[in-house]
Amino acid sequence: MQSVLFCWLLPALAQALDDFTFGASGSDDKNQAKLVSRMLDFLVDSKQEAEHPSGSGRIVEKIPYDKTLRPSFGGPPVIVGVTINVDSLGPIDEVNMNFRLDLSFRQFWKDSRLDFSLFHGFPANTEFNKNLTLSHDFLKRIWVPDTYFPESLRAFKQEVMVPNVLIRLSPDGSILYSSRTTVIAKCPMDLHVFPMDTQTCSLIVECYGYTTEDLKLVWQDGNPGSVALPSNLQLAQFRVMDFDLLSYTLNFSTGNFSDLEIKFTFKRDLLYFILQSYVPSTFIVMCSWVAFWINRSGIPGRACLSITTVLSLITLIGSTNAKLPNVSAVKALDVYFGMCFVYVFGGLLEFATVIYLESSERKEKEAQREKDEQAKKYMEKMKNKTENYLLEEIGQTFSTDIPRRTSVKGEPIDQQARHILLEYRSLQMSEAKLQRPKPRKWTASRIEVYSRICFPSSFCVFQVLYWTYYNVHESQES
């Protein structure tokens, strides 16, 4: 009989002990989970009266929880601390001027309405008096800050396989809310010195509805401890030089709002553009100089080489600019491409000039030869005519020196004879001039020689000036 009574009283005693001590032994996981569930329901219950979490059925008065009201409503503003752990960064898109971040966005605040450290009937030495890690569904039952990214083009939380959210509730009501978020943010870029540029991209965190009278955002661990980057971070074309954390207040017509900002400084790697743009364009220019050493008679070969270099450079410029935004700014790469095009197109114009001058010289020589032949025939005819006249009329042998008076029998020469002799002398002088034509200042051969020297030497000078200027400009910006 006593054993039966003992068997009947033992479960009841255990249940009573469990109800009034909240499972202080901590050995029964089921009872622990039940206790925590009751406690949370009690804390976030919106009624003024609720069942005590001990499970005894006792109804007690409490402050109703309203998730539409911030903690300490009507009192000092809620301080929300923020830390960011960057999981991955990039790509950085110059065409659309944005950049992407995958980050763990953590927020810390205190809600005294969720304080369970001094809860009646929940002793401080129990195992439940510690931080509680809760499901993401708990967010729907409590107040959370309305933070957002104002400069984002797109932002979303990761939900594979379940929402990547961490909720941790401390006994004093402190809350850690961490979510894995992807943000594609705007990044206005200055491309004047592209591809030797340094860009600054910002990620801004702001409170959408609560002004500074209700909520203030702060960096939880100060600067720079509140933001962490992966140690093995690598980007396709950039290097992360530094980042800076800012905290300020923005004034709008609707009030003053607290803002946090991360400024990332990116330095572009030049090696990719040297291999893909600078070296090919330089070799194309050098190939165009080969035409200066090809014989001018090889017109098809020179024409093919000159036109091919021009078209090749145009294709290279087009393929490079297709990867860049359509901006009106003149980039450093545009300056280099422009000068390369000037040299290549100048080689084509030099070829056309040389061919034109050579053709003109050939035509002039042929025309001069015909004139000389005609003049010689005419002068030979006049010479024969003059000699015959002198022999017949005067009977005197022709002499190149014409005396003012000459005679065989002491009589003056006839005036007609003198006129013919003077005309013959002028023809002799014209013949001497025709045989010595005046040389031209610019000939095809001379232009070829000058081109072989001037084109390479001036291009080398341009290289020195170009890289010196932009290196100095880059160091000044740094």
Side-chain angles (χ1 to χ4, degrees), residues 92 94-95 189-199 235-239 266-296 298-355 447-478:
I92 301 174
E94 297 93 350
V95 177
M189 299 182 184
D190 184 3
L191 300 175
H192 282 88
V193 292
F194 175 89
M196 292 166 279
D197 54 331
T198 299
Q199 302 295 342
L235 300 176
Q237 296 182 12
F238 290 89
R239 287 179 286 115
F266 302 106
K267 180 70 178 70
R268 195 184 302 273
D269 288 328
L270 188 59
L271 181 60
Y272 171 81
F273 293 94
I274 290 178
L275 298 177
Q276 298 296 324
S277 300
Y278 285 101
V279 172
S281 58
T282 302
F283 274 111
I284 291 174
V285 173
M286 295 174 67
C287 287
S288 67
W289 299 339
V290 177
F292 301 152
W293 279 267
I294 297 178
N295 195 312
R296 293 192 297 272
I299 295 178
R302 294 191 64 168
C304 180
L305 180 60
S306 300
I307 295 174
T308 300
T309 53
V310 171
L311 296 179
S312 299
L313 188 58
I314 292 175
T315 303
L316 178 61
I317 295 173
S319 62
T320 302
N321 288 332
K323 305 174 185 177
L324 300 175
N326 298 323
V327 295
S328 58
V330 178
K331 302 177 285 293
L333 188 60
D334 294 337
V335 174
Y336 194 88
F337 278 156
M339 290 303 299
C340 289
F341 187 80
V342 167
Y343 277 92
V344 171
F345 193 72
L348 180 61
L349 292 180
E350 187 272 347
F351 163 68
T353 304
V354 166
I355 296 302
I447 291 177
E448 288 276 64
V449 173
Y450 286 164
S451 297
R452 294 170 186 174
I453 299 173
C454 294
F455 272 76
S457 58
S458 62
F459 190 72
C460 291
V461 172
F462 162 71
Q463 292 283 344
V464 174
L465 296 177
Y466 177 86
W467 292 107
T468 301
Y469 173 79
Y470 283 106
N471 284 332
V472 171
H473 190 278
E474 179 186 1
S475 61
Q476 289 177 350
E477 284 192 345
S478 301

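Between S458 and Y343, the shortest heavy-atom contact is OG-OH, 2.9 Å. Contact record, S451 with P456: O-CD, 3.7 Å, taken as the closest heavy-atom pair. The two atoms that bring Q199 and D190 nearest to each other are NE2-O, 2.9 Å, heavy atoms only. For the residue pair L316 and S281, the shortest heavy atom distance occurs at CD2-N, 3.6 Å. Here the shortest heavy-atom pairing between S306 and T309 reads O-OG1, 2.7 Å. Across all their heavy atoms, C287 and L305 have their closest contact at O-CD2, 3.7 Å.
Y278 places no side-chain N or O within donor-acceptor distance of the main-chain N or O of L271, the cut-off being under 3.5 Å. The closest donor-acceptor contact from the side chain of N471 to the backbone of W467 lies under 3.5 Å.
Atom CE of M196 and atom NZ of K331 lie 12.5 Å apart (nearest 0.5 Å). Distance OH/Y470 to CG/L270: 12.5 Å, rounded to 0.5 Å. Summarising the geometry, atom CG belonging to L313 is positioned 6.0 Å from atom SG belonging to C340; distances are rounded to the nearest 0.5 Å. Between L333 atom CG and F337 atom CZ the span is 4.0 Å, to the nearest 0.5 Å. A distance of 13.5 Å separates CZ of F351 from CD1 of I447, quoted to the nearest 0.5 Å. Distance check, rounded to the nearest 0.5 Å: CE of M189 to CZ of F194 gives 10.0 Å.
A side-chain contact (heavy atoms from CB on, under 4.5 Å) with R302 holds for exactly one of L348, I307, I355, I294; it is I294.
Considering only heavy atoms from C-beta on, F273 comes within 4.5 Å of Q237 through its side chain. With a 4.5 Å cut-off on side-chain heavy atoms, Q463 and T282 count as touching. Looking only at side-chain heavy atoms (C-beta outward), F341 and V310 come within less than 4.5 Å of each other. In this structure the side chain of V95 never reaches within 4.5 angstrom of the side chain of L324, judged on heavy atoms. Looking at heavy atoms from C-beta onward, H192 lies out of side-chain contact with V330 at the 4.5 angstrom threshold.
At most 12 non-hydrogen atoms from other residues, nucleotides or ligands lie less than 6.0 angstrom from CZ of F345.
For E350 and R452, the salt-bridge test fails: no basic side-chain N is under 4.0 Å from an acidic carboxylate O.
Ring centers of F455 and F292: under 6.0 Å apart, within the cut-off. When ring centroids are compared, Y336 and F462 come within the 6.0 Å threshold.
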Item to check | Full working for side-chain contact (heavy atoms from CB on, under 4.5 Å) between T198 and F266 | outcome: CA-CA 6 Å; T198 299; F266 302 106; over 6 Å; no

Item to check | Trace of the side-chain contact (heavy atoms from CB on, under 4.5 Å) decision for D269 with F238 | outcome: CA-CA 5 Å; D269 288 328; F238 290 89; over 6 Å; no

